[in-house]
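Here the structure comes first, spelled out in structure tokens, and everything after it is commentary.
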Amino acid sequence: MTEKAKPRTPIESGVPDGMQYMHPVYLKNFGNWKYHDRPRPGVLHHVAKSGDEVWTVRVGTHRQLGPYEIDLLCDIVDKYADGFVRFTIRSNMEVSVTDESKVAPLIQAFNDAGYPVGGTGNSITMISHTQGWLHCDIPATDAAGVVKSLMDELHDEFISEQMPNRVHITTSCCQINCGGQGDIAINIQHTKPPKINHDLVANACERPSVVARCPVAAIRPAIVNGKPSLEIDEKKCICCGACFPPCPPMQINDPEHSKLAVWVGGKNSNARSKPMFHKLVAAGIPNNPPRWIEAKDVVMQILHAYKKDARDWERMGDWVERIGWPRFFELTELPFTKFHVDTWRGARHTLNASTHIRF
Amino acid sequence: MTEKAKPRTPIESGVPDGMQYMHPVYLKNFGNWKYHDRPRPGVLHHVAKSGDEVWTVRVGTHRQLGPYEIDLLCDIVDKYADGFVRFTIRSNMEVSVTDESKVAPLIQAFNDAGYPVGGTGNSITMISHTQGWLHCDIPATDAAGVVKSLMDELHDEFISEQMPNRVHITTSCCQINCGGQGDIAINIQHTKPPKINHDLVANACERPSVVARCPVAAIRPAIVNGKPSLEIDEKKCICCGACFPPCPPMQINDPEHSKLAVWVGGKNSNARSKPMFHKLVAAGIPNNPPRWIEAKDVVMQILHAYKKDARDWERMGDWVERIGWPRFFELTELPFTKFHVDTWRGARHTLNASTHIRF
Amino acid sequence: MAQPKNPEKHCTYIPPESEKKSSKPMYDTPMLDQLVDGPWPSFVSGLKRLAMNNNMMVDLMGQLEHSYNTRLGYWKGGTVSIFGYGGGIIPRFTELMGDDGEPMFPEAREFHTVRVMPPAGMHYSTDLIRKFSSTWQKYGSGMIAFHGQSGDIMFIGTDTDNIQGFFDEVNEYGFDLGGAGPAVRTSMSCVGAARCEHSCTNEQKVQRLLVNNFLDDMHRPALPYKFKFKVSGCSNDCVNSIQRADMAIIGTWRDDMKVDQGEVKAFIKSKSRKYVIDNIISRCPTNALSLNDDDTLSVDNRNCVRCMHCINVMTKALSPGDDRGVTVLMGGKRTLKIGDTMGTVIVPFMKLESDEDYDALKEIAENTIDFWAENALEHERCGEMIDRIGLVNFLEGIEIDVDPNMINHPRISSYVRMDTWDEEVDKWNQRKAAV
Amino acid sequence: MAQPKNPEKHCTYIPPESEKKSSKPMYDTPMLDQLVDGPWPSFVSGLKRLAMNNNMMVDLMGQLEHSYNTRLGYWKGGTVSIFGYGGGIIPRFTELMGDDGEPMFPEAREFHTVRVMPPAGMHYSTDLIRKFSSTWQKYGSGMIAFHGQSGDIMFIGTDTDNIQGFFDEVNEYGFDLGGAGPAVRTSMSCVGAARCEHSCTNEQKVQRLLVNNFLDDMHRPALPYKFKFKVSGCSNDCVNSIQRADMAIIGTWRDDMKVDQGEVKAFIKSKSRKYVIDNIISRCPTNALSLNDDDTLSVDNRNCVRCMHCINVMTKALSPGDDRGVTVLMGGKRTLKIGDTMGTVIVPFMKLESDEDYDALKEIAENTIDFWAENALEHERCGEMIDRIGLVNFLEGIEIDVDPNMINHPRISSYVRMDTWDEEVDKWNQRKAAV
Ligand code: SRM
Ligand code: SRM
Ligand code: SRM
Ligand code: SRM
Ligand code: SF4
Ligand code: SF4
Ligand code: SF4
Ligand code: SF4
Ligand code: SF4
Ligand code: SF4
Ligand code: SF4
Ligand code: SF4
């Protein structure tokens with residue numbers, strides 16, 4: 001680390017042009033691709049209208065890269081490929097070559113360095129990654145650890161294409177859920193209202209904003225021990241933790257009572273069905289570092305059922321729509337409880353108002 | 001009319017057993033039917049597991065029958081059939097014979113008496129009928145007149161089976177809508193808040209109930225001219241008329257501003273799609289007795305588009321789901337306005353959150 | 001329209017003045033007269049014939065014509081009942097007064113409707129219909145509606161004095177009043193087992209069982225609001241029960257549907273493969289049908305949702321299975337206060353064979369009406385209450401366990417507190433173990 | 001796991017103690033150590049290698065191990081920025097104090113993240129990546145995340161003093177800070193036109209056009225809350241734009257999709273008719289596909305909703321049409337306050353060819369951000385505002401006409417007042433006439 005640099009007016013250059021760092025064959029055929037197929041898991045083969053072909057090898061990473069990994073990976077890309085890399089939205093690297101014969105050595109080189117090649121097509125690709133205890137100010141769990149534990153388990157599914165369709169898993173380290181919707185989402189669910197650290201409220205907290213932030217209006221301003229503080233109506237509070245980021249004295253995280261919940265069937269694509277939100281399937285799962293085995297078990301139960309029962313091209317959500325939620329709970333052996341019945345605004349629309357029932 | 005009978009304790013006999021008035025072939029094969037087909041419009045042919053067969057002729061009526069019609073119809077049933085009749089939920093009569101050769105003479109007899117035979121399968125059957133000006137205490141329009149006008153127009157569609165699937169039309173004489181959901185529903189839509197007759201409120205109205213009845217909390221108790229009355233927040237009021245039945249001084253009906261609105265795609269059956277509510281397609285239609293031609297025109301526009309464009313077995317709602325609402329408005333040439341966008345609770349779920357768009 | 005060949009036996013027939021029995025002259029009704037013509041039988045001809053019979057109908061036509069001119073209705077309610085009952089009559093008093101403050105159409109100053117429950121399934125002998133007609137000519141206008149939207153025979157048009165006599169007479173020959181006001185209402189069941197191959201239950205029996213169990217709640221209205229039962233024999237739901245009943249009972253089956261592969265082939269032959277793919281295979285809501293390359297049909301019965309579509313189309317080839325029963329849904333109604341609601345699945349499947357089965361259904365209805373009667377606000381339908389208190393609380397109230405068939409999908413909102421998750425899991429596990 | 005054949009070139013490699021450059025001893029990290037093994041590359045090995053390089057990472061590992069033990073996080077926010085900008089840095093200060101009130105892991109007492117926008121489409125040369133790595137070793141921990149969920153390169157771990165130097169250096173070689181706080185945020189576009197045959201627009205151009213137009217709103221956070229753009233080249237929406245962007249721009253086409261019937265036949269031959277019926281024909285959401293008896297495919301292009309499914313399955317046989325453009329949706333976001341929302345169609349289709357087309361898109365974004373900035377409550381996302389004020393008012397605010405493509409279906413609630421129906425009809429008719 002160096003001495004302090006003196007202020008300089010920034011060049012507001014914005015988003016850099018991607019073209020300048022792009023593989024030449026991408027540039028040449030920009031907007032003119034014809035079709036693709038997948039010669040093997042982890043490899044995409046795109047054919048351009050010009051007749052050009054390109055093979056892209058997809059490599060799993062742990063997102064947070066240091067100089068060692070960067071050199072290791074870039075050396076491979078320089079030696080076995082053409083010196084260009086792109087990253088996917090899921091922190092996978094994509095390395096392209098225009099010569100088919102280079103594919104196998106490239107894969108070999110990645111594998112020799114311990115990096116898995118896969119994540120394409122109907123595989124389970126890299127789990128979406130958030131900050132967790134490493135960096136965020138509000139997490140109830142870690143991100144990198146959860147991802148590593150699960151990807152260890154899912155490694156074989158990453159490097160092969162044996163699922164009915166692509167599987168997108170997301171994790172998030174608090175209920176805010178930066179990881180987003182997923183075929184399977186592993187999220188935090190608090191089960192106790194925040195403990196208010198009244199001593200800190202007066203300083204650390206803009207009280208009107210916190211009051212406004214609560215989705216169920218459970219917070220009201222109050223004077224506690226003579227100081228302005230807040231009060232929670234615990235009967236109303238749904239333990240969502242939304243008050244915690246704007247007001248750290250609203251201590252929501254709890255080693256015991258911040259549990260994991262698993263959600264299923266989120267889908268962003270418009271293929272076949274319209275985009276769908278994920279739905280709660282399991283909760284009360286201990287937040288158990290370093291390997292979160294209880295959460296992993298739930299995820300594996302779901303994946304096994306999906307793998308066995310779903311049809312080609314059915315995303316997790318499509319599959320459950322077809323077989324119905326009762327069957328989902330039957331096949332995964334997960335318990336169904338009153339908590340599965342939605343209670344939020346518009347909950348009426350989630351009730352089965354039909355005789356469409358499977359037996 | 002006779003002299004006053006003196007009170008007698010009622011026999012609380014409840015719903016009479018239908019078996020005692022049932023056609024013998026129904027009784028014999030009760031619960032043991034095998035299949036049916038329709039040899040011609042207006043005729044159902046059911047075959048029992050026993051091998052028994054029955055032909056049922058469906059006849060349109062105007063629901064409100066007097067002694068003349070009752071005798072006329074019963075005479076035919078006695079002479080050409082077996083003396084049994086049932087009524088459908090849509091006020092059609094069903095007359096069964098076990099001898100196929102009786103079908104044609106029976107139909108002939110009904111037709112000779114001016115009664116249409118039809119309403120089966122993919123026809124347009126009788127419109128659901130409510131009370132209207134004839135009897136109800138809150139109607140903004142008539143029922144029998146609207147039904148007669150429309151059925152005159154739809155007569156050919158009643159006696160033939162030329163639609164993609166069965167068409168169920170409903171009408172209602174106020175926004176309460178006793179006629180229910182329909183493939184096409186013709187309902188009242190008020191466009192001015194109730195005029196309060198303050199002189200009457202104190203006597204004729206239980207004020208707290210009316211206040212509670214308003215779906216948007218637009219009514220509050222008030223003292224007007226020294227008497228307890230009510231006040232409407234006209235900005236909030238949605239002119240639904242729900243306050244009128246419990247409080248007749250809330251005069252909502254207006255010869256000019258009570259308009260007709262047409263709704264499309266209601267479906268009660270669970271066939272293919274789950275049951276669906278009908279959706280607004282046209283409003284501001286004058287309430288124009290005795291023949292309501294403007295409303296009829298809208299209905300005919302919709303029916304023509306459906307007949308031309310829908311596929312076999314598609315109910316109105318299924319069809320529009322497939323072709324999309326933009327195309328519906330295009331094919332029917334009905335205008336699309338901001339009023340078509342829902343604003344009621346849960347309206348968010350009615351927005352298109354996808355790229356599923358037809359061009 | 002061509003002249004009918006036998007005018008006196010035709011629905012357009014109006015008897016000559018000579019046969020007029022009513023003593024009042026007919027009003028000019030130019031508006032209504034425009035509804036005489038046209039191919040559909042005209043209620044105006046009907047009204048005219050009735051007006052030939054009695055003065056009440058003469059004045060009724062006068063008032064109706066007035067409504068057509070002013071586009072306003074002129075009836076108001078009131079209180080009329082028969083001895084021993086509180087409901088079942090819809091009283092109407094005219095509000096249309098002349099300058100003298102007296103009714104403009106005095107003979108129709110009262111024009112009540114009597115709601116009478118028809119035989120279950122709406123089966124009649126012509127004798128019975130004629131009997132009704134003659135009784136009603138004695139006590140009322142002679143005009144009978146077959147039927148009201150809730151399923152009543154509506155005897156329309158009489159005055160307070162004649163109500164009791166009419167009731168006594170029809171009551172003697174086996175008929176009872178229907179519902180009105182905050183009461184259990186008249187019910188409907190589809191034709192079902194009587195003449196429909198799709199029927200999976202004895203609709204009439206269910207209807208009678210339920211309604212006849214609540215006659216006190218029907219005849220002496222004291223519930224928060226109305227409560228309707230409706231019974232359909234299959235998912236086609238020919239009585240619109242899901243959207244129009246507080247408690248809907250719908251027949252279904254649990255085992256495999258029956259397939260006659262010979263009839264499947266015959267159907268394909270008559271219609272073409274493409275037709276079958278486009279109209280049957282790809283219309284199945286759960287992709288449970290697959291057409292094999294040899295023109296036989298595979299049905300994935302585990303995923304079939306008993307929607308009836310394929311069975312409706314291929315009536316000869318396909319039919320419901322043998323292990324039959326019903327699904328119960330609750331909470332359907334029209335629009336007031338919270339907007340339309342549909343019924344929600346409360347009992348995904350129950351057998352209806354033994355007396356115990358029927359008792360169980362009755363008990364569900366009793367628990368529901370009891371809980372609703374105690375917990376609903378005034379004028380709150382069951383579906384509105386469910387919406388207000390939530391399905392789970394409702395289920396607890398009627399002592400039914402939560403079941404995934406009740407929902408389209410589990411919650412999408414993470415806004416929920418789940419401290420007692422483990423207890424709820426135990427409940428589920430115990431239930432599973434008990435099976 | 002088998003021993004790697006070249007351990008020094010393997011992701012499990014930890015340099016020997018002799019190569020350690022950091023001066024602090026490593027902490028015992030038994031919890032984290034359990035994450036070293038297993039087939040997936042381990043971030044713990046990564047952390048260890050970084051801790052060999054600098055003390056900040058030694059202490060960072062100490063704090064992280066502590067979190068693993070206590071199951072609690074220990075960072076709090078604060079205010080750190082570079083000269084001239086207000087956002088783009090996520091400052092972190094440790095809250096984990098020893099008994100002496102001093103940080104337990106003092107070298108990591110500050111551990112800020114710098115968000116830098118990557119090249120559009122996330123394309124890199126290895127040179128560029130190596131350059132980032134060496135700059136970050138100079139000013140920070142050396143740990144770089146490719147990428148954050150919003151698309152930033154996250155340079156994780158530095159103190160306040162080093163922020164400006166780091167920025168100046170990367171800024172000089174062409175990179176700028178991303179968004180944080182109530183600001184326009186960093187955006188993403190899919191690989192799209194660069195390497196995907198489905199692409200219907202120039203994703204990178206759209207992304208750069210929009211974001212670069214709002215750099216002031218990105219760098220000097222003063223909006224009600226965050227605002228995200230995301231760009232996908234087709235409905236597969238590989239950047240999750242509908243659910244995760246305030247404004248989503250998605251490529252589509254208006255004319256007929258392209259069908260190569262030869263390839264269709266080849267596909268059927270390789271997979272069987274039944275497979276094609278069950279996996280393609282009957283999966284089309286609008287039944288727009290029909291398999292002809294001669295194994296050709298009919299596409300009902302008027303009713304195809306461009307969902308991409310059939311094109312995804314038969315990549316060689318089917319492809320998007322030529323008349324391409326984009327659909328714009330607004331209001332997607334995660335869960336806070338009102339529950340998750342998805343974007344709603346605001347522009348069903350617009351061409352993006354001429355400069356005017358692109359200007360029109362920019363104008364829509366500008367109008368939206370202006371209207372939202374003026375009308376949103378504090379901390380209210382665009383989607384929450386739309387939900388609160390209603391779609392129609394929002395459209396009026398941004399001067400876009402209502403269109404039936406914006407809704408799944410027209411209103412089902414009759415609770416609406418429509419006095420001005422005729423005026424609205426006139427508007428529609430004028431619009432129609434104008435086309
Ligand atoms: C590289 C990447 C885009 C990028 O700009 O980085 C990408 C690239 C492709 N996607 Fe994607 N998708 C990528 C993330 C996504 C996402 C977002 C996500 O992962 O969170 C989605 C939406 C996810 C969702 O619905 O929740 C996504 C939904 C699809 C779909 C729709 C699948 C479906 O049936 O629902 C397709 C179509 C398909 O599978 O053929 C698709 C297809 C493709 C194709 C085949 C397009 C093409 O012709 O080149 C690309 C190769 C995919 C493959 O893995 O076989 N891509 N794709 C992303 C790779 C992520 C990864 O490393 O695993
Ligand atoms: C870093 C990142 C996760 C990651 O490790 O990748 C992240 C981290 C945080 N997010 Fe996020 N969000 C990140 C992408 C997202 C996404 C995904 C996306 O952009 O596609 C979402 C869902 C989409 C959306 O915008 O709704 C997301 C939804 C949120 C929300 C919920 C917003 C809502 O309206 O519901 C918050 C809370 C807030 O803003 O008040 C939030 C807040 C936060 C804060 C600032 C926590 C806080 O309020 O103090 C986190 C800072 C962590 C840190 O220390 O760096 N983050 N956040 C992602 C940004 C990195 C980047 O710039 O590339
Ligand atoms: C007689 C009646 C029941 C009764 O108890 O009175 C009845 C009888 C039959 N219905 Fe129905 N339905 C009757 C009202 C209904 C209704 C309610 C209504 O009319 O308001 C519905 C629900 C309407 C809705 O969805 O909004 C109804 C939805 C069906 C369906 C489902 C159609 C669909 O595709 O959605 C079928 C199946 C079919 O068409 O083959 C059906 C089929 C049948 C069958 C074919 C059943 C059978 O095998 O016998 C009967 C002959 C129908 C025909 O017209 O061809 N019936 N049917 C009703 C005749 C009404 C009339 O006079 O027109
Ligand atoms: C007569 C009848 C229409 C007809 O001509 O067929 C009718 C007529 C009236 N209905 Fe109805 N409803 C009739 C079937 C229905 C139905 C259909 C059904 O039962 O399947 C519905 C929709 C289903 C439902 O129950 O929601 C229906 C929904 C209503 C409602 C709205 C209830 C709601 O919760 O939204 C009201 C208003 C109320 O009860 O406060 C209502 C109220 C009324 C009142 C009592 C008007 C009033 O509040 O003063 C009408 C008396 C008219 C009269 O003078 O006879 N009527 N009403 C039907 C009853 C005849 C019969 O007993 O067979
Ligand atoms: S999910 Fe929560 S804890 Fe994790 S990075 Fe996002 S805001 Fe932070
Ligand atoms: S945890 Fe959520 S519900 Fe509870 S007080 Fe905080 S913001 Fe409100
Ligand atoms: S729809 Fe309205 S006016 Fe008509 S009968 Fe029902 S309550 Fe009366
Ligand atoms: S008309 Fe409807 S909205 Fe208006 S005051 Fe009456 S009940 Fe309320
Ligand atoms: S509901 Fe089913 S069983 Fe009853 S009549 Fe209709 S089709 Fe037949
Ligand atoms: S009944 Fe309906 S769900 Fe079952 S197989 Fe037939 S079409 Fe499919
Ligand atoms: S969104 Fe469409 S165009 Fe973009 S990468 Fe995915 S499949 Fe290709
Ligand atoms: S793209 Fe989707 S909607 Fe269009 S034809 Fe193919 S499957 Fe059907």
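Keep in mind that this is a model prediction, so the values were computed, not measured. Here is how names work: the chains are called A, B, and so on, in the same order as the sequence lines, proteins then strands, and each is numbered from 1.
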Does any heavy atom of chain C fall under 4.5 Å from the side chain of [X], the backbone, both, or neither of them?
| X | result |
| --- | --- |
| B/N29 | backbone |
| B/Q131 | side chain |
| B/A48 | neither |

Look only at the side chain of [X] and the backbone of [Y], and say whether a donor-acceptor pair between them is shorter than 3.5 Å.
| X | Y | answer |
| --- | --- | --- |
| B/D152 | C/W40 | yes |
| B/H62 | C/P41 | no |
| C/H147 | B/F87 | no |
| C/Q149 | B/T130 | no |
| C/R195 | B/H46 | no |
| B/W33 | C/A194 | yes |
| C/N236 | B/A271 | no |
| B/R86 | C/G121 | yes |

>> Measuring from atom CZ of C/R92 to atom CG of B/D137, what distance do you get when rounded to the nearest 0.5 angstrom?
In response: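 Reported value, rounded in 0.5 Å steps: 3.5 Å.
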> How long is the span from the CZ atom in C/R130 to the CD1 atom in B/I70, to the nearest 0.5 Å?
Replying inline: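 Those atoms lie 9.5 Å apart.
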Considering only heavy atoms from C-beta outward, does the side chain of [X] approach that of [Y] to under 4.5 Å?
| X | Y | result |
| --- | --- | --- |
| B/H168 | C/N240 | no |
| B/N268 | C/I242 | no |
| C/F43 | B/D142 | yes |
| C/T315 | B/K34 | no |
| C/N212 | B/S13 | no |

>> Checking B/F277 now: which residues fulfil ring pair (Phe, Tyr, Trp, His ring centres under 6.0 Å) with it, not counting sequence neighbours?
In response: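 Scan of B/F277 (ring pair (Phe, Tyr, Trp, His ring centres under 6.0 Å), adjacent residues dropped) gives none.
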> Of all residues at least two apart in sequence or in a different chain, which pass the salt bridge (Lys or Arg N to Asp or Glu O under 4.0 Å) check with C/E263?
Replying inline: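 C/E263 satisfies salt bridge (Lys or Arg N to Asp or Glu O under 4.0 Å) with no residue once adjacent residues are dropped.
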>> Please evaluate residues C/F111 and B/W133 with respect to the criterion ring-ring contact (aromatic ring centres under 6.0 Å, His included), reporting the C-alpha separation (whole Å), side-chain torsions for both, the decisive distance (0.1 Å), and the verdict.
In response: CA-CA 12 Å; C/F111 197 69; B/W133 289 325; over 10 Å; no
> B/P139, B/G132, B/A242, B/S128: which one forms the most heavy-atom pairs within less than 4.5 Å of chain C?
Replying inline: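 Option with the greatest count: B/S128.
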>> For the residue pair B/N287 / C/R71, report whether a side-chain donor-acceptor contact shorter than 3.5 Å exists.
In response: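 The answer is no; no qualifying pair exists.
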> Relative to chain B, which of C/N69, C/I338, C/L60 shows the most heavy atom pairs under 4.5 Å?
Replying inline: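 Winner by heavy-atom pair count: C/I338.
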> Would you call C/K9 and B/D112 a salt bridge, using N to O less than 4.0 angstrom?
Replying inline: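 No, C/K9 and B/D112 are not salt-bridged.
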> When you check the gap from the basic side-chain N to the acidic O, do B/K267 and C/D237 get nearer than 4.0 Å?
Replying inline: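 Here B/K267 does not pair with C/D237 in a salt bridge, since their nearest N and O are not under 4.0 Å apart.
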> C/E378 versus chain B, heavy atoms under 4.5 Å apart: side chain, backbone, both or neither?
Replying inline: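 Looking at C/E378, just its side chain touches chain B.
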